[in-house]
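As structure tokens, the structure follows; a few thoughts come after it.
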Amino acid sequence: MKRKIRKKSGMEMVQVAILIALAVVIGLLFRSQIVAFINGVFNDLNSSGL
């Protein structure tokens with residue numbers, strides 16, 4: 001019974017690691033678009049006087 005719990009926990013850690021790696025890769029691929037979007041949002045906030 002303990003083996004199944006450990007194996008399942010290990011698989012969950014692998015899944016989390018894959019998701020984190022995927023998020024990092026997507027962030028690197030779309031870095032310029034993400035930065036442009038964030039800069040645009042902050043420029044709009046600054047120009048609106050908030």
Side-chain angles (χ1 to χ4, degrees):
M1 190 72 169
K2 288 184 180 181
R3 288 183 184 173
K4 287 184 181 181
I5 293 172
R6 287 183 186 167
K7 189 173 183 179
K8 186 176 181 183
S9 177
M11 288 301 293
E12 290 173 0
M13 291 296 287
V14 170
Q15 291 171 349
V16 169
I18 290 171
L19 289 175
I20 291 171
L22 185 62
V24 169
V25 168
I26 289 172
L28 290 174
L29 288 174
F30 296 105
R31 182 175 180 246
S32 60
Q33 290 90 344
I34 293 169
V35 170
F37 173 75
I38 291 172
N39 286 337
V41 169
F42 281 118
N43 287 337
D44 289 344
L45 287 174
N46 286 335
S47 66
S48 68
L50 292 177

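In this structure, CZ on Phe37 lies 10.0 Å from CZ on Phe42, to the nearest 0.5 angstrom. Considering CD1 of Ile18 and CG of Leu22, their distance stands at 9.0 Å, rounded to 0.5 Å. Atom CD1 of Ile34 and atom CG of Asn39 lie 12.0 Å apart (nearest 0.5 Å).
Cluster annotation: Leu45 and Val35 are assigned to distinct hydrophobic clusters (Ile/Leu/Val/Met/Phe/Trp/Tyr, side-chain heavy-atom contacts under 4.5 Å, transitive). No continuous path of hydrophobic side-chain contacts links Val25 to Leu28 [ILVMFWY only; heavy atoms under 4.5 Å]. Hydrophobic cluster membership differs between Leu19 and Phe30, with clusters built from Ile, Leu, Val, Met, Phe, Trp and Tyr side chains linked at under 4.5 angstrom.
Cluster partners of Met13 are absent, since no Ile, Leu, Val, Met, Phe, Trp or Tyr has side-chain heavy atoms less than 4.5 Å from it.
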